[in-house]
Amino acid sequence: MAFVITSLCVDCKDTACADVCPVECIYEYKGSDPSVPNQLFIHPDECIDCTLCVAECPVEAIFAEDDVPDSQKEFTALNAELSKVWKPIIEKKDAPADADEWAKTKEKKHLL
């Protein structure tokens with residue numbers, strides 16, 4: 001069972017989760033504008049279910065695959081699909097300047 005990053009991450013993209021990941025299975029998705037990364041995803045085949053990323057996420061966007069809320073279930077497939085397209089993050093990066101504002105927004109799927 002892998003972990004899944006849901007839409008709560010969109011435009012918050014705090015990379016503390018990637019900093020603690022021992023297998024570097026967290027990938028940065030760049031969205032429709034490749035110059036503007038806006039979401040992180042976990043590669044399900046690489047995730048070792050260590051749970052370290054969950055505690056690091058300030059917006060509580062990461063769930064065990066079996067615990068993903070119904071409204072976010074499509075992110076299980078999106079994590080699998082889009083983590084194969086981009087490069088892994090291997091160290092913490094600065095969050096976007098407006099990440100705190102985006103953290104308050106709950107419906108963000110349309111922004112991918």
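Just the heavy atoms: all of them, side chains too, but no hydrogens, waters or symmetry mates, feed the values below.
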Cluster check Ile89, Ile62: I/L/V/M/F/W/Y, side chain < 4.5 angstrom:
yes
Which atom of Cys25 lies closest to which atom of Cys21, heavy atoms considered
N-SG, 3.4 Å
What's the separation between atom CD in Glu81 and atom OG1 in Thr76, rounded to the nearest 0.5 Å?
12.5 Å
Determine whether Thr15 and Leu40 satisfy the following criterion, side-chain contact (heavy atoms from CB on, under 4.5 Å), listing intermediate values before the conclusion.
CA-CA 8 Å; Thr15 59; Leu40 303 177; 4.1 Å; yes
In the single-linkage hydrophobic clustering (I, L, V, M, F, W, Y; side-chain heavy atoms under 4.5 Å), do Val54 and Leu52 co-cluster?
no
If I take atom CD1 from residue Ile42 and atom OG1 from residue Thr6, how far apart are they, to the nearest 0.5 angstrom?
10.0 Å
Look only at the side chain of Glu65 and the backbone of Val4, and say whether a donor-acceptor pair between them is shorter than 3.5 Å.
no
For the CD atom of Glu24 and the NZ atom of Lys87, what is their distance to the nearest 0.5 Å?
13.5 Å
Transitively linked via ILVMFWY side-chain contacts under 4.5 Å: Phe75 with Leu82?
yes
side-chain hydrogen bond (donor to acceptor under 3.5 Å, both in side chains), paired with Tyr27, selected from Gln39, His43, Glu46:
Glu46
Minimum heavy-atom separation for Ser83 and Ala80, please, with both atom names.
OG-O, 3.4 Å
Could you measure the distance from the CG atom of Leu78 to the CD1 atom of Ile5? Nearest 0.5 Å is fine.
12.0 Å
Enter the distance from Phe63:CZ to Lys73:NZ here, rounded to the nearest 0.5 Å.
10.0 Å
